[in-house]
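The block underneath contains the structure these notes are about, expressed in structure tokens.
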Amino acid sequence: MARLAQTAGLTDVQQEILSTVRDFVDKEIIPVATELEHRDEYPQQIVDGLKELGLFGLMIPEEYGGLGESLLTYALCVEEIARGWMSVSGIINTHFIVAYMLKQHGTQEQKEHFLPRMAAGDVRGAFSMSEPGLGSDVSAITSKAVKDGDEYVLNGQKMWLTNGGTSSLVAVLVRSDEGHSPEEAAAKPHKSMTTFLVEKEPGFGEVRPGLTIPGKIDKMGYKGVDTTELIMDDLRVPADRVLGGVTGRGFYQMMDGVEVGRVNVAARGCGVAQRAFELGVRYAQQRHTFGKPIAKHQAIQFKLAEMATKVEAAHAMMVNAARKKDSGERNDLEAGMAKYLASEYCKEVVEDAFRIHGGYGFSKEYEIERLYREAPMLLIGEGTAEIQKMIIGRRLLEEYRFQG
């Protein structure tokens with residue numbers, strides 16, 4: 001039987017990359033994922049394997065030591081990895097967003113300094129927008145940078161950093177009202193934000209003077225990967241570590257990174273949903289009730305049909321969003337739709353697989369229990385469903401503006 005969510009029109013190179021990643025997932029991730037997740041253990045051996053495969057440099061240009069592949073190739077690899085264990089795809093994602101932001105917006109010196117080491121996996125990236133009191137309201141950021149000679153002094157508290165502890169480079173969004181009056185900064189807050197490239201030592205505690213990573217946040221799911229806070233207390237950063245070399249562009253740089261990150265989250269939703277379907281359809285053929293496998297009961301067949309259709313639909317929208325971005329076109333509408341649909345369908349497919357398992361789905365011995373705790377993160381990661389609907393609605397009104 002052909003697998004669900006196949007992608008037409010791939011090159012031989014893309015197919016070879018995906019085949020390699022799929023084999024790695026089946027052999028190195030799926031057999032150990034649930035055990036590591038229950039221990040909340042960082043998957044160092046898996047990460048080392050991804051490093052050997054070159055996945056940390058998948059989209060970094062060849063001139064900087066990467067593979068120079070497309071967003072589509074990357075998204076399809078993420079789909080495969082998330083099918084094995086979503087936390088591993090999170091380790092890759094934040095690194096990828098920082099590398100993408102550097103590639104698109106960095107100075108030549110910044111690209112030459114960071115990208116080759118990021119491609120090799122020797123420098124791991126994390127990015128930081130959110131703060132304890134703002135959630136999706138990025139314009140309410142209070143962390144601040146003040147110019148002091150050839151440096152900036154950063155103060156503030158950031159929240160929800162994936163790879164906060166294990167990373168050695170963090171792209172941090174803060175306010176920098178340099179060149180703006182208080183009135184201008186209040187009226188147009190997006191124009192007074194700057195992204196800083198902050199280098200640090202991996203680990204927890206004070207990882208460089210003025211920068212503290214307190215420790216891992218204990219989460220319901222999405223375990224293994226470290227999610228942290230970041231506290232800046234008179235953190236001094238050289239002026240040449242302003243992304244792109246110019247202040248006031250940080251919001252737009254971050255939004256560009258988040259846009260491709262939403263394709264990534266859609267891909268993660270597709271991967272988790274695929275795995276949930278695989279577990280559900282297998283269990284339905286093994287479990288017997290009333291003298292026959294439960295897969296023979298019409299109610300279960302209807303459920304499997306709905307699950308498979310959702311997997312296919314989410315995959316198609318994710319692929320469309322990635323291809324749109326690869327073509328050089330604006331894809332915020334497609335990325336928002338893909339992220340919204342894939343995350344919602346993922347939750348529904350996982351719940352249906354959970355229901356198919358019956359009481360065993362509630363047992364930690366079964367993989368579906370882990371997926372049931374992981375799926376909700378996709379509903380809020382890279383923007384909630386409500387944020388996606390706002391983006392989609394605004395873009396639709398731009399496209400279908402009434403001229404009466």
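Every value quoted in this text rests on a predicted model; they were computed, and no experiment measured them.
- With 3.5 Å as the limit, one finds a donor-acceptor pair spanning the side chains of Ser327 and Glu329.
- Within 6.0 Å of the CD atom in Glu16, the count of heavy atoms belonging to other residues, nucleotides or ligands does not exceed 12.
- Of the possible donor and acceptor atoms, one in the side chain of Lys216 sits under 3.5 Å from a partner among the backbone N and O of Asp40.
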Let's go through Glu80 and Arg22 carefully: what are the C-alpha distance in whole Å and the side-chain angles of both, what is the deciding distance for salt bridge (charged side-chain N to carboxylate O under 4.0 Å, His left out) to 0.1 Å, and is it a yes or a no? CA-CA 6 Å; Glu80 292 292 344; Arg22 187 177 300 128; 3.1 Å; yes
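- In this structure, the side-chain hydrogen bond (donor to acceptor under 3.5 Å, both in side chains) partners of Glu374, at least two apart in sequence or on a different chain, are Trp85, Arg370.
- With sequence neighbours left out, the side-chain hydrogen bond (donor to acceptor under 3.5 Å, both in side chains) criterion links Glu399 to Arg395.
- Around atom CD of Gln15, more than 12 heavy atoms belonging to other residues, nucleotides or ligands sit under 6.0 Å away.
- For Arg117, there are no salt bridge (Lys or Arg N to Asp or Glu O under 4.0 Å) partners, not counting sequence neighbours.
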Candidate pair Val13 and Glu69, rule side chain to side chain contact (heavy atoms under 4.5 Å, CB included), full reasoning: CA-CA 10 Å; Val13 172; Glu69 272 296 330; 3.6 Å; yes
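- Checked against ring-ring contact (aromatic ring centres under 6.0 Å, His included), Tyr345 has no partners two or more places apart in sequence or in another chain.
- Within 6.0 Å of CZ on Arg208 lie more than 12 heavy atoms contributed by other residues, nucleotides or ligands.
- In the displayed structure, Lys296 atom NZ is contacted under 6.0 Å by at most 12 heavy atoms of other residues, nucleotides or ligands.
- Note: Tyr360 and Tyr366 have tilted aromatic rings, judged against thresholds of 30 and 60 degrees for the angle between ring planes.
- Within 6.0 Å of CZ in Arg39 there are more than 12 heavy atoms belonging to other residues, nucleotides or ligands.
- Side-chain atoms of Asn320 do not come within 3.5 Å of backbone N or O of Glu334 as any donor-acceptor pair.
- Judged as a ring-ring contact (aromatic ring centres under 6.0 Å, His included), and not counting sequence neighbours, the contacts of His95 are Phe56.
- Rounding to the nearest 0.5 Å gives a distance of 10.0 Å between CG of Leu76 and CD of Gln6.
- Residues Val25 and Gly84 share a closest heavy-atom pair of CG1-CA, 3.6 Å.
- Under the side-chain contact (heavy atoms from CB on, under 4.5 Å) criterion, Gln104 pairs with Tyr100, Asp256, not counting sequence neighbours.
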Do Lys364 and Glu35 pass the salt bridge (charged side-chain N to carboxylate O under 4.0 Å, His left out) test, and can you show the C-alpha distance, the side-chain angles, and the key distance before you say yes or no? CA-CA 10 Å; Lys364 288 191 173 185; Glu35 180 182 353; over 6 Å; no
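- A donor-acceptor pair under 3.5 Å is formed between the side chain of Asp226 and the backbone N or O of Gly164.
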Can you check side chain to side chain contact (heavy atoms under 4.5 Å, CB included) on Val246 and Val242, steps first, answer last? CA-CA 6 Å; Val246 180; Val242 170; 5.7 Å; no
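- For the residue pair Glu367 / His357, no side-chain donor-acceptor distance below 3.5 Å is found, with atom types taken as modelled.
- Not one N or O on the side chain of Lys303 forms a donor-acceptor pair closer than 3.5 Å with the backbone of Ala299.
- Atoms OG1 and CG, from Thr73 and Leu67 in turn, are 9.5 Å apart once rounded to the nearest 0.5 Å.
- A distance-only check finds no donor-acceptor pair linking the side chain of Glu201 to the backbone of Ser168 [under 3.5 Å].
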As a quick check of understanding, evaluate side chain to side chain contact (heavy atoms under 4.5 Å, CB included) for Arg83 and Asp26, giving each step before the final call. CA-CA 9 Å; Arg83 174 180 154 265; Asp26 288 338; 3.0 Å; yes
Report the C-alpha separation of Asp122 and Lys51 in whole Å, then their side-chain angles, then the decisive distance to 0.1 Å, and conclude whether the salt bridge (charged side-chain N to carboxylate O under 4.0 Å, His left out) test is met. CA-CA 9 Å; Asp122 296 331; Lys51 181 178 175 180; 3.0 Å; yes
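- Using a cut-off of 4.0 Å between Lys/Arg side-chain N and Asp/Glu carboxylate O, Glu351 and Arg355 are scored as salt-bridged.
- Legend: residues meeting salt bridge (Lys or Arg N to Asp or Glu O under 4.0 Å) with Glu344, ordered by chain and number and at least two apart, are absent.
- Listed for the Thr289 side chain is no donor-acceptor partner under 3.5 Å among the backbone atoms of Ile294.
- Within a 6.0 Å sphere centred on CZ of Arg249, other residues, nucleotides and ligands contribute 12 heavy atoms or fewer.
- Using a cutoff of 4.0 Å between basic side-chain nitrogens and carboxylate oxygens, Arg241 and Glu199 are scored as salt-bridged.
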Side chain to side chain contact (heavy atoms under 4.5 Å, CB included) between Met193 and Met129: does it pass, once the steps are laid out? CA-CA 11 Å; Met193 296 184 187; Met129 286 195 303; over 6 Å; no
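- For the pair Gln388 (side chain) and Gly383 (backbone), a donor-acceptor distance under 3.5 Å is present.
- Evaluation of the ring-ring contact (aromatic ring centres under 6.0 Å, His included) rule for Tyr64 yields no partner, not counting sequence neighbours.
- For Glu398, the CD atom counts as densely surrounded, since its 6.0 Å shell holds more than 12 non-hydrogen atoms of other residues, nucleotides or ligands.
- In this structure a side-chain-to-backbone donor-acceptor pair under 3.5 Å is present from Lys339 to Gly381.
- Residue pairs that meet the salt bridge (Lys or Arg N to Asp or Glu O under 4.0 Å) test with at least one member in residues 124-145, sequence neighbours left out, are Glu131-Lys158, Lys144-Asp177.
- Evaluation of the ring-ring contact (aromatic ring centres under 6.0 Å, His included) rule for Phe127 yields no partner, not counting sequence neighbours.
- Residues meeting the side-chain hydrogen bond (donor to acceptor under 3.5 Å, both in side chains) test with Glu312, sequence neighbours left out: none.
- Checked by atom type and distance alone, the side chain of Thr227 never pairs as donor or acceptor with a backbone atom of Leu161 at under 3.5 Å.
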Got a list of side-chain donor-acceptor pairs under 3.5 Å for residues 230-237, not counting sequence neighbours?
from: Asp234; atom 1: OD1; to: Asn155; atom 2: ND2; distance (Å): 3.1
from: Arg236; atom 1: NE; to: Glu151; atom 2: OE1; distance (Å): 2.7
from: Arg236; atom 1: NH2; to: Asp148; atom 2: OD2; distance (Å): 2.5
from: Arg236; atom 1: NH2; to: Glu151; atom 2: OE1; distance (Å): 3.2

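- The CG atom of Asn331 sits 14.0 Å away from the CZ atom of Arg323 when rounded to the nearest 0.5 Å.
- Residue Gln45 places its CD atom among 12 or fewer non-hydrogen atoms of other residues, nucleotides or ligands, all under 6.0 Å distant.
- Distance alone, capped at 3.5 Å, places no donor-acceptor pair between the Arg262 side chain and the Ala338 backbone.
- For the atom pair NZ (Lys389) and CZ (Arg394), the distance works out to 14.5 Å, reported to the nearest 0.5 Å.
- Summarising the geometry, atom CG belonging to Leu378 is positioned 14.5 Å from atom OH belonging to Tyr340; distances are rounded to the nearest 0.5 Å.
- Looking only at atom types and distance, the side chain of Glu382 has no donor-acceptor partner in the side chain of Asn264 under 3.5 Å away.
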